[in-house]
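Notes to accompany the following structure.
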Amino acid sequence: MSSKPLKQIHLAAHFPGVNNTTVWSDPAAGSHIDFDSFIHFARTAERAKFDFLFLAEGLRLREQGGEIYDLDVVGRPDTFTVLAALAAVTDRLGLTGTINSTFNEPYEVARQFATLDHLSEGRAAWNVVTSWDAFTGENFRRGGFLPREDRYSRAQEFLATATELFDSWDGSEIAADAGSGTFLRDARAGAFAHRGRHFDIEGRFNVPRSPQGRPVIFQAGDSEEGREFAAAGADAIFGRYGTLDAGREFYADVKGRLARHGRTHDQLKILPAATFVLGDTDAEAREIAHEVRRLQVSGQTAIKFLEHVWNRDLSAYDPDGPLPEIDPLVGENTIALGRASVRQFRDPLATARQWRELARAKNLSIRELVISATADQTFVGSAATIAESIDTLVQADAADGFILVPHITPGGLDGFADSVVPLLQERGVFRTEYEGTTLRDHLGLAVPTPASASASAPAPAPVS
Amino acid sequence: MSAPSSSPAPLHLAVALDGAGRHPAAWREPGARPDELFTARYWAGFAAEAEAGLLDFITFEDGLALQSSSPTGSDERTDRVRGRLDAVLTAARVAPLTRRIGLVPTVTATHTEPFHISKAIATLDHVSRGRAGLRIQVSELAHEARHFGRRTAPFADGELHAEAADHVEVVRRLWDSWEDDAEIRDVATGRFVDREKLHHIDFEGRHFSVRGPSITPRPPQGQPVVTASGAGEASYALIARSTEVGYVAAHDGDGPRAAVAAIRRAREATGLAADPLHLFGELTVFLDADAPAAAARLERLDALAGDPYVGDGAVFTGSAGQLADLLLERRAAGLSGFLLRPGVIAHDLPAITRTLVPELQRRGTFRRAYEADTLRGLLGLERPTNRYARPAA
């Protein structure tokens with residue numbers, strides 16, 4: 001039909017975290033803390049030749065209504081430590097971790113990522129996220145402040161500073177020549193000085209240049225500033241749009257911004273998060289998917305979820321009854337704390353209106369509404385159906401691939417690896433062997449040279 | 001003078017890993033592999049060697065500045081090892097490749113967040129199944145502070161050690177902020193955790209306040225093992241208040257005895273006297289078949305370095321038999337073990353595991369097999385109860 005060559009799909013696996021994705025009540029659900037779970041998950045992803053494994057981060061336990069949230073998986077291990085340990089039990093799988101740029105310092109984070117890249121022989125990636133809330137800040141020295149409007153400015157300058165540190169070694173400094181006694185060829189290795197609005201630091205970076213030069217940079221934001229931030233300097237986007245229309249729109253928008261930053265179309269990979277439910281037949285998968293959603297959204301969970309939007313105590317409402325007639329409280333959400341979902345509903349009044357209409361039109365209870373209005377599974381069907389859907393979305397430029405989040409820990413990826421991956425391989429759209437050894441190899445990204453740092457690093461934050 | 005040799009208490013032995021070894025010319029020795037310093041293979045190999053020697057633990061030295069012979073900044077020397085990987089990540093990287101040995105990375109309290117350190121060491125304990133510790137240190141270096149830009153040296157007397165003690169206090173409270181059985185997965189009530197078993201720690205100190213609880217569930221050991229080096233009153237106070245293992249220089253003469261007495265006095269004052277506290281002698285070792293061979297090797301290393309070696313602690317040169325004599329003699333100062341710093345890791349670590357350890361075993365004062373699978377177990381430390389847990393009704 002077209003002479004356009006088939007795009008190669010990128011696949012990654014997200015170890016399920018602290019939200020209602022994981023059906024922890026399933027007897028097949030294991031520990032989300034024991035290292036054995038991470039080993040199983042990572043080895044499955046590597047067996048399936050996935051590009052990378054993805055870990056999110058948590059810096060404070062979520063609270064709701066003044067109490068620690070207890071209905072979903074709670075707690076997680078430290079991102080860096082797990083990734084470093086996983087480097088010992090995998091050979092090729094990329095190791096991507098979310099690390100916050102608000103409650104960290106560039107010298108330390110750059111050191112940790114450069115170290116991870118050395119210890120994994122070039123498999124490290126950093127998903128740069130920002131937060132600004134005082135709630136999280138209560139666990140840190142810098143405390144609870146970052147004006148919301150400053151979060152991208154700090155994130156940009158954080159990333160620019162870290163890039164300067166990564167680039168402070170060009171990779172040729174270490175001679176390690178025992179005969180002549182020359183360890184360093186360059187006495188100034190690692191020298192840096194950064195003077196900016198958020199960071200004013202100078203000295204010597206103490207990790208030599210790592211195999212990938214710099215870790216692969218991911219970005220997850222969806223706002224205007226987030227898209228621009230990603231277009232300016234990210235290697236990949238951890239996206240939200242796993243459907244054809246929304247995916248194509250986002251893809252076209254973000255890729256369209258690249259040229260302005262002197263970058264080409266394939267220098268930024270767009271990889272939405274995606275859930276999936278596999279069955280022997282499409283009908284069976286739909287049935288399982290329905291049941292999974294019921295398990296993910298209990299009556300209590302539905303009420304708690306509604307409280308994120310309403311910003312009120314709704315515990316008196318019946319989850320099997322109609323939506324509240326009262327309006328959401330507008331302003332800072334004081335009911336649900338530490339929930340990313342709170343930030344997704346920027347206009348709670350509009351969301352409430354929309355949901356009431358939907359509930360009325362389809363005669364949905366609170367629980368049914370929450371089930372239908374939130375996080376439906378991206379891919380549901382037999383292996384053939386899912387392989388077809390993924391391939392279609394990628395070939396149609398709705399994505400470059402997907403970051404899969406199974407609903408069972410740690411075995412939820414097994415079926416996908418065994419049944420969907422071979423079909424994608426048969427279609428010629430997914431690798432049967434790793435061609436390279438580093439994550440940049442897997443993603444088709446060039447190793448940056450320090451000389452190009454000023455060109456490809458994000459511009460310093462504007463001082464406004 | 002020495003105790004009867006029939007049943008001497010077993011010694012504890014740890015080894016400090018840093019670069020190619022303690023001697024500045026160590027990287028030029030045969031077998032030193034200086035071009036592999038930044039690879040996992042390099043560290044994994046030494047961890048395996050230390051574990052084969054049944055050592056209690058290895059420490060991973062670290063710092064947040066480029067190594068320098070000058071206290072004021074980079075010395076711009078090109079003839080010494082420069083550059084270092086993050087110690088916590090390096091320990092995590094070797095954890096799955098080892099089974100019994102303790103893993104004790106160095107952490108600089110002055111420039112790190114206790115919340116991050118707590119979850120990192122808790123996770124190291126999870127991935128190693130109970131073998132994690134940490135070595136807490138402070139940094140007075142002005143040039144290191146400039147890497148962070150948050151504070152300026154010089155620091156007031158004792159300020160950094162007091163802050164480090166607060167740091168450890170926060171880290172420990174966070175380890176306890178989850179009770180062991182907080183995760184209940186109660187399908188009947190739909191609750192994953194029992195929130196009554198998760199605790200805010202509400203620490204308020206001079207340099208930071210931390211609300212908690214931790215994001216990471218309580219580690220397998222409950223409290224991983226906290227260690228620190230001591231040289232001077234401020235560091236003795238930190239050891240006394242905050243650690244399970246303190247290191248003091250194992251010089252000859254009365255130095256170690258005085259240090260041990262000062263730390264024990266400080267321990268009394270903290271009210272923790274009933275809690276076990278190991279004090280280890282710290283010693284750089286050049287270990288060879290006999291004393292002349294060791295002295296000749298040190299001389300050769302000194303010639304390569306261009307300067308005679310002046311360690312900032314005690315230094316030993318000689319044979320395994322002589323080192324065993326010295327350790328057994330100096331422990332009379334009140335030391336229960338030793339942290340050995342190999343002059344040249346590639347040479348002196350295998351010498352420790354293959355000659356010193358068998359010598360101590362022959363004398364009935366070192367284990368012949370690992371007797372426990374946690375670091376606390378190896379050190380004879382109980383798993384502590386959780387400070388926040390209510391006694392069972």
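For clarity, every value in this text was computed on a predicted model and none was experimentally measured. Numbered from 1 within each chain, the chains take letters A, B, ... in sequence-line order.
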*Heavy atoms under 4.5 Å from chain B: which residues of residues 34-42 of chain A carry them?*
A:Phe35, A:Asp36
_So for B:Leu37, is it side chain, backbone, both, or neither that comes closer than 4.5 Å to the heavy atoms of chain A?_
side chain
If I measure from the heavy atoms of chain B, does [X] come under 4.5 Å with its side chain, its backbone, both, or neither?
X        : result
A:Glu202 : both
A:Arg188 : side chain
A:Val74  : both
A:Leu83  : neither
A:Asn139 : both
A:Ile68  : both
A:Ala29  : both
A:Ser210 : neither
A:Phe80  : both
A:Glu57  : side chain

_Which of A:Gly181, A:Pro208, A:Ala114 touches chain B most, by non-hydrogen pairs under 4.5 Å_ = A:Gly181
*For the pair A:Trp126 and A:Phe158, name the ring-plane relationship: parallel under 30°, tilted 30 to 60°, perpendicular over 60°.*
perpendicular
*Sort and list the pairs that fulfil side chain to side chain donor-acceptor pair (under 3.5 Å) and have at least one residue in residues 20-33 of chain A, not counting sequence neighbours.*
A:Asn19-A:Thr21
*Can a donor-acceptor pair be found between the side chains of B:Thr98 and B:Glu51 at a distance below 3.5 Å?*
no
*Residue pair B:Thr110 / B:Thr108, side-chain donor-acceptor N/O under 3.5 Å*: no
*asked:* Can you pull out every salt bridge (charged side-chain N to carboxylate O under 4.0 Å, His left out) where at least one residue sits in residues 118-128 of chain B? Sequence neighbours excluded, please.
replied: A:Asp78-B:Lys119
*Can you check whether anything in residues 188-199 of chain B gets within less than 4.5 Å of chain A, heavy-atom wise, and list it by number?*
B:Thr189, B:Gly190, B:Arg191, B:Phe192, B:Val193, B:Arg195, B:Leu198
_More than 12 heavy atoms from other groups under 6.0 Å of CZ on B:Arg151_ = yes
